[in-house]
Amino acid sequence: MRLENKVALITGAGSGIGRETATLFAREGARVVVVDVNDAAGQETVSMIEAAGGQAVYVHADISQAADCAKMVRTAEESYGQLNILFNNAGISHINDDNAETTEEAVWDLTMNINLKGVFLGCKYGVPALRRAGGGSIINTASFVALVGAATPQIAYTASKGGVLSMTRELAVIHARENIRVNALCPGPLRTELLMKYLNTEEKRQRRLVHIPMGRFGEAREIAQAVLFLASDESSFVTGATFMVDGGITAAYVTPE
Ligand code: NAD
């Protein structure tokens, strides 16, 4: 097993990428701290892990709140004695996030508070815990939109993910000598709730698919496999990376018909 004796905390583990990663990590031997604001969904992830013979605990935490982030890290150490892997994954894509002229200030603030400040707060409380464990791995979920712009804008979301990417590089450099690795994961467009509620017509979905060389949306489990690599000791010399898992979207200028 690739994560034996490790303790992993995953935010947004009630759905999509977070849930797939939580169940995969547990299968690979990790004890998992499942964090979400959706209690029913988070508890369901724990039940799935336990039904498969794994160990997990649920914590309600809103990652935009410092006290909640302190609590989730504390729970990891109190429940399992240490924290080795921190997956700052939770994020939102607001339905009214559009261009600079039309996006409300409140939508901008909410998006930044969860997507960007939430990663900062996860690290603020998570880094000391990883240090106490003798080192570890942090994976921050950015996005392919941190690297390329789109004519169908989500201005706040895109800016927040750019922030996650640059913050990750700096964290990696600061903590490199402490045996704490920090990498940014950049998923391409996925067939999860987050994107499909935004691409809610066939026309919108096709408009996006045109730009993906592989000609399909990714699956959350394909992202989870990349997170597993970054979390495990197999990636021991990888830090500060911009890890693309995007079906080739950022490599493309013109895609095949
Ligand atoms: P999802 O909506 O399926 O799951 C996100 C989870 O985060 C939900 O369970 C939600 O309840 C939880 N959450 C939301 N706000 C929270 C908060 N304040 N505190 C704690 N938990 C909170 O999304 P997903 O598709 O699995 O996306 C996960 C991450 O991947 C996000 O950061 C997203 O921006 C990023 N991403 C997704 C795609 C995609 O196409 N789906 C592409 C690139 C990046």
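Each ligand, and each atom within it, is numbered from 1 in the order the structure gives. Fair warning: this is a prediction, and the values are worked out from it, not measured in the lab. In what follows, residues are counted from 1 in the order of the sequence shown. Values reported hereafter were calculated over all heavy atoms of this structure, with side chains retained and with hydrogens, waters and symmetry mates removed.
Between Ile212 and Thr255, every side-chain heavy-atom pair lies at or beyond the 4.5 Å cut-off. Side-chain contact check for His94 versus Tyr157: every heavy-atom pair is 4.5 Å or farther apart. Looking at heavy atoms from C-beta onward, Leu195 lies out of side-chain contact with Ser93 at the 4.5 angstrom threshold.
Side-chain atoms of Arg181 and Ser235 form a donor-acceptor pair, as typed in the model, at a separation below 3.5 Å.
A donor-acceptor pair is defined here as one N or O able to donate and one able to accept, closer than 3.5 Å; no such pair exists between the side chain of Glu20 and the backbone of Ile17.
Evaluation of the side chain to side chain contact (heavy atoms under 4.5 Å, CB included) rule for Glu104 yields Val107 as partners, not counting sequence neighbours.
Taking a heavy-atom cut-off of under 4.0 Å, ligand 1 is surrounded by Gly12, Gly14, Ser15, Gly16, Ile17, Asp36, Val37, Asn38, Ala61, Asp62, Ile63, Asn89, Ala90, Gly91, Ile92, Ile114, Thr141, Ala142, Ser143, Tyr157, Lys161, Pro187, Gly188, Pro189, Leu190, Thr192, Leu194, Leu195.
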